[in-house]
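Every chain is numbered from 1 and lettered A, B, ... according to where its sequence line falls, protein lines coming before strand lines.
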Amino acid sequence: MADNVKPRVKVPKSAKAGEAIVIKTLISHPMESGQRKDKEGAVIPRSIINRFTCDFNGKNVIDATLEPAISTNPYIEFEAMVPEAGEFKFTWYDDDGSVYEESKSIEIA
Amino acid sequence: ALGSVAAAAIPSLALASVDEAVAAFTGGAEIGTGPGVTLTAPEIAENGNTVPVSVDAPDAIAILVLAAGNPTPAVATFKFGELAGAHMASTRIRLSKTQDVVAIAQLADGTFVRTSSEVKVTIGGCGG
Amino acid sequence: GNWSRLAAQQALTQDQLLQFDAFGNVTLIHITDIHAQLKPIWFREPEINIGVGDVKGIPPHVTGMDFIKEFNLQPGSPEAYALTHEDFTALGKTYGKMGGMDRVATVVKSIRAERPEAIILDGGDTWHGSMTSLLTKGQDVVNVMNKLGVEAMTSHWEWTLGTERVQEIVGALPFPFLGQNIFDAEWDEPAFEPYTWFERGGAKVAVIGQAFPYMPIANPGWMFPEYSFGIRDERMQEMVEEVRAAGADLVVVLSHNGFDVDRKMASRVKGIDVILTGHTHDAIPEPVLVGETILIASGSHGKYVSRVDLDVRDGKMMGFRHKLIPIFADVITPDTEMADLIDAERAPFKDQLEEVIGKTESLLYRRGNFNGTWDDLICDAMLSERDAEIAMSPGVRWGASVMPGQDITREDIHNATSMTYPNCYRTEMTGEFLNVVLEDVADNLFNTDPYYQQGGDMVRVGGLGYSIDVSRPIGSRISNMTLLKTGEAIDPARTYIVAGWASVNEGTEGPPIWDVVEDHIRKIGTVKLDPNTSVKVTGV
Ligand SMILES: [Mn+2]
Ligand SMILES: [Mn+2]
């Protein structure tokens, strides 16, 4: 199980109705690929974030399947349409069954 | 109906080859080249452990990213929901050596289009 | 000495060197890649500078007599001495050392007397390359450049002082440290000012900075992990459009891309008037045109100052006049204030700098695509002092020359080796890995796409011979690798003891390279090097 997993997101505080905004997300996670070996030569078991989703007011923005080739501290940047004020919900799914969540609200300027 | 085709989460298979990864994504459909999907990656990786790549396909419902030269080519699949602001995504990936990074977009009309970009992973260590 | 000073003064005058018919309304003064050389130096230009693909045989890939013909120079003239390797040792006796920031200050003051609004721009590789810059963490050069009146700079080796020190210096600089392509590595957001503005001669001038794009590859990324670089020519286009929209009459890019990368960038990014190039240390006496963009190459080590006069009207560059001013140290009178400052900066280290370590009978130089004599001496030192079979030395383009018959001082050794990651390692490498290293570095130099080139030259080797066909793709350029000691072919499966320095890997262990070289020179007393014939080059 990965320690100190901490999600962070960058979302503008406000947008115009119907505007597309850039969202950046990071989660601190080793993304252990399952291909590395320790000093004794034993394979270090795979432990990655395998899926990331972002929804806004219950509607999907992006749904990403991530593989071990994604770097340590997975970074995902994408754009979201903001039809109205509301809340973004970000979810990261860990191999070990853990689910990490973050949310950010946005106003209409 | 965006996303309906690829709505089910694809399990994280350790796909052994590029062909298998592609077939799993396209179901064996023919893949076109040319415009429709853009892949942005550096010519030379600053660090093979964290190479920034962006994919952009305005008409896509999903984009598959592969690292053709990695021991396991699968990298990521991005599926765009109804509130996607643009059908693009950026992430950072591991590349074991110099190779082609491949992006295949599944367009809303059911067709597939492919592009690739060579990223050089170098030992480095010189300068002017 | 006095004789050379007299001879140089007979051949040349300061007025001749500075003569320039002022033109238009805007003047740019460009210096770049001084590598912390505050005092005049000897510097031999390359004998071999191979261009591949589209740039084969065109400047800057022209050397020696071809260069003299290309630019209509007289063999044996001051210009031929400054710009080529031909007859370097003999002509050096006539024309003397070059550079010195006190002489550069005289030139800058003279241009500013005529054009008070001339813009002084520094292309980077400034805070690195000498013993005093290493000992003061760049402060001596920073003080000198501030006094010179630099108004904007960009960067490369500066970063090898580490993020913290760079930020400390930048925080106190009286001018912007530009880099449209320097991004914060975590959030991928711009980390430094992309451009700055000057209102000069009635024109609005935008200067966009472009730092060295391959920073974490060519130098140790662990020293500045917070940042990501890259060419980012799409953002360069955005910046050009942004400054044009804001009313720029003239768009100047102050670049550390390297000449061929800039030439390609100029063909892809529209709307740049002038690119002041840097990094590849090329001195080209005429601007190179790409579409409507002019490229200026101002050499290195303080050997030259470029003056570019421009006629800028109604948002357009209507014409230009250019001069690559060679800084003949015996001809240009030092600016006394700057000379005093430089001496004051050097005073605390004077005894260390001037200590004589040995003598050389051979000219010591580095520039060129393959081993120079300085590199051979450094490789010999590593083979002997580190008891290695093979030595590897980085193909950097900095390092002053030492004339035959001269003493080698500690400062001379530092001019060829100074850096913040100097450890001389001793390790084992397989023959196969050695081949990978040579192929990899060769592709950084001879890839036909400039965006895959990092600048710099081929890794220098000692104890190892090889053939290289520069026209081939990666993986097939290098052949006939031979262990010189035995004459046997390198066995891919065998392990060899290799010494080297300037590793980009964190935690590299070993004595600093200058100590290794110093110990070696002390033992041999007088350096005498035979011509190096161990690298065979084909496909040119
Ligand atoms: Mn330089
Ligand atoms: Mn440089």
- request: Decide if atom CD of A/E107 counts as having more than 12 heavy atoms of other residues, nucleotides or ligands within a radius under 6.0 Å.
  value: no
From the list B/A89, B/A84, B/A86, B/G85, the residue making the most non-hydrogen contacts under 4.5 Å with chain A is B/G85
- Using atom types as modelled and distance alone, determine if a side-chain donor or acceptor of A/S71 lies under 3.5 Å from a backbone N or O of B/R92. yes
Within residues 34-41 of chain A, contacts to chain B at heavy-atom distances under 4.5 Å involve A/Q35
Under 4.5 Å to a heavy atom of chain B? For A/P83 that would be side chain
When every non-hydrogen atom of B/A76 is compared with those of A/I70, the smallest separation belongs to CB-CD1, 4.1 Å
Worksheet item: If you count the non-hydrogen atoms of other residues, nucleotides and ligands that lie under 6.0 Å from NZ in A/K89, is the total more than 12?
Response: no
When the 4.5 angstrom heavy-atom criterion is applied to A/S33 and chain B, the contacting part is both
To the nearest 0.5 Å, atom CD1 of B/I93 lies from atom CD of A/E67 at 12.0 Å
Rounded to the nearest 0.5 angstrom, the CE-CD distance for B/M88 and A/E77 is 5.5 Å
Nearest heavy-atom contact between B/A74 and A/A69 is O-CB, 3.5 Å
Residues pairing under side chain to side chain donor-acceptor pair (under 3.5 Å) where one sits in residues 9-20 of chain A, two or more places apart or in two chains, turn out to be A/K10-C/E189
- Should we say atom CD of B/E30 is surrounded by more than 12 heavy atoms from elsewhere, each under 6.0 Å from it? no
Chain B shares the most heavy-atom pairs under 4.5 Å, among A/P74, A/A64, A/A20, with A/A64
Under a 4.5 Å heavy-atom criterion, the part of residues 94-101 of chain B in contact with chain A comprises B/R94
Cut-off 4.5 Å, heavy atoms of chain B, and the answer for A/T53 is neither
Heavy atoms of B/F80 and A/I62 approach each other most closely as CE2-CD1, 3.9 Å
Interatomic distance, CZ@B/F78 vs CD1@A/I76, rounded to 0.5 Å, equals 5.5 Å
Rounding to 0.5 Å, atoms CG (B/L83) and CD (A/E79) come to a distance of 13.0 Å
Residues at least two apart in sequence or cross-chain that pass side-chain hydrogen bond (donor to acceptor under 3.5 Å, both in side chains) with B/D59, listed by chain then number, are none
